[in-house]
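This report concerns only the one structure given below.
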Amino acid sequence: MEERDLPRFVEWLADRDVTRWLAAMGEPPTLEDEREWYERRREDPESVMWSIETLDGQLAGTVELRLTPRAKRAEMGIAIQDKALWSQGLGTDSVRLVLTYAFEDLRLNRVELTTDEENTRAVRCYQKCGFVREGLLRQHRLIDGRFGNTLLMALLREEWLVSSEQG
Amino acid sequence: MGARQASNLEGAAVRLRAVEESDLPLLVRWINDPDVRHWLHHSDRPDATVESVRGRFGLTVERFPNLVWMIETIEERPVGHVGLLQVDPHHKRAELAISIGEKECWSRGYGTDAIRTVLRHGFEDLGLRRVDLHTDADNARGIRCYEKCGFVREGVMRKRRLRYGKPLDMVLMAVLRDEWQVDSEQ
């Protein structure tokens with residue numbers, strides 16, 4: 001990720017169609033907010049963050065691993081923020097690349113994530129990448145005045161090894 | 001923000017008061033006790049120090065406040081601590097953390113009373129809708145206590161942490177205000 005990516009993120013994060021599915025979103029960030037966020041992440045040794053680009057260099061979104069090294073686990077967060085690029089497999093491909101990095105390079109035991117239970121497109125993508133449902137956090141998020149559930153999913157190292165051999 | 005927001009609370013067997021800077025050495029002693037630490041999520045961290053625990057006990061400013069109380073017996077003996085962590089005013093939720101650091105005070109109902117007191121405060125005074133926690137899957141005493149206080153299992157997080165280097169499952173539990181009202185009326 002580079003600083004020049006930030007204005008596009010700001011533009012996308014003002015779009016309700018995009019932020020509807022994001023866990024941590026409050027008010028849409030300004031460019032200044034986004035700069036601060038970027039600097040904090042860059043200095044955070046427990047965060048690994050990438051910008052996602054198409055092969056022809058078009059910025060599409062972000063993917064992050066938040067590490068807990070003492071537990072050999074990480075939490076993954078991904079968003080294809082350019083909605084014109086949804087449903088083209090960019091998310092699935094990004095998740096797979098980051099999983100390879102997490103399990104092969106970082107030697108993690110576990111990668112977990114949470115997602116809005118109603119985000120069926122994301123859930124399908126995560127299942128395709130091998131993630132397994134582990135739990136349902138009831139009334140976990142308030143969206144548009146209504147409490148919705150959050151799904152907890154995880155992929156273990158041994159599961160990933162089996163699925164990547166069958167690849 | 002921080003500990004100043006944790007107001008004093010009275011339970012049946014315990015009273016809760018905000019953690020102060022001067023409590024930190026005692027909290028550190030408890031955390032570093034191997035029998036206590038066995039059940040804590042940071043058994044594989046280096047030993048705690050006053051510096052390393054300051055943020056955890058609500059003494060620094062965070063985006064979402066950690067409200068942490070000392071658990072004291074009616075005779076004002078400190079026996080442990082309980083917290084509502086990451087209190088999120090938008091989603092109206094928080095995470096519960098508790099530890100009875102004085103081992104000889106285990107299994108006397110102090111934890112149950114402290115949790116009930118904190119839940120009442122969270123749901124009635126802070127307007128929370130949901131309080132959740134995660135605990136080691138083999139922590140039968142803890143899970144029994146949480147169930148008694150109204151928590152239900154929501155999932156199992158496989159191999160979520162290491163204890164002495166070995167992977168360990170954790171249970172995710174939560175209590176919703178709707179359920180708790182029913183529970184506390186009984």
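Just so it is clear: chains get the letters A, B, ... in the order the sequence lines come, proteins before strands, and each one is counted from 1.
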For A:Arg138 and B:Ala174, which heavy atoms make the closest approach, and how far apart are they? NH2-O, 3.4 Å
More than 12 foreign heavy atoms under 6.0 Å from CZ of B:Arg45: is that the case here? yes
Below 4.5 Å, heavy atoms only, C-beta onward: do A:Gln139 and B:Asp178 meet side chain to side chain? yes
Do the non-hydrogen side-chain atoms of A:Leu142 and B:His90 ever get within less than 4.5 Å of each other? yes
Would the distance check show the side chain of B:Arg93 and the main-chain N or O of A:His140 forming a donor-acceptor pair, the cut-off being under 3.5 Å? yes
Mind checking whether B:Trp39 and B:Leu96 sit in one hydrophobic cluster, side chains of I, L, V, M, F, W, Y counted as touching below 4.5 Å? yes
Tell me whether A:Glu159 is salt-bridged to B:Lys159, with the criterion being a basic N under 4.0 Å from an acidic carboxylate O. no
Under a 4.5 Å heavy-atom cut-off, does chain B meet the side chain of A:Leu137, its backbone, both or neither? both
Which atoms of B:Arg130 come close to chain A, meaning under 4.5 Å heavy atom to heavy atom: side chain ones, backbone ones, both, or neither? side chain
Decide if atom CZ of A:Arg42 counts as having more than 12 heavy atoms of other residues, nucleotides or ligands within a radius under 6.0 Å. no
Contact winner vs chain A - B:Arg129, B:Arg161, B:Arg160, heavy-atom pairs under 4.5 Å: B:Arg160
Shortest non-hydrogen contact from A:Phe147 toward B:Lys92: CZ-CD, 4.1 Å
Is B:Tyr146 reachable from B:Leu172 through a run of I, L, V, M, F, W or Y residues, each pair having side-chain heavy atoms under 4.5 Å apart? no
Assigning hydrophobic clusters by single linkage (Ile, Leu, Val, Met, Phe, Trp, Tyr; side-chain heavy-atom cutoff under 4.5 Å), is B:Val152 placed with A:Leu151? no
Scanning both residues in full, the closest heavy-atom pair of A:Leu156 with B:Arg158 reads CD2-O, 3.7 Å
Going hydrophobic residue to hydrophobic residue with side-chain gaps under 4.5 angstrom, can you get from B:Leu176 over to B:Ile115? no
Joint cluster assignment, A:Leu97 & A:Leu155, ILVMFWY side-chain distance < 4.5 Å: no
Could you tell me if the side chain of B:Met157 sits less than 4.5 Å from the side chain of A:Arg73, heavy atoms only? no
In residues 108-127 of chain A, which residues are in contact with chain B at a heavy-atom separation under 4.5 Å? A:Asn109, A:Arg110, A:Glu112
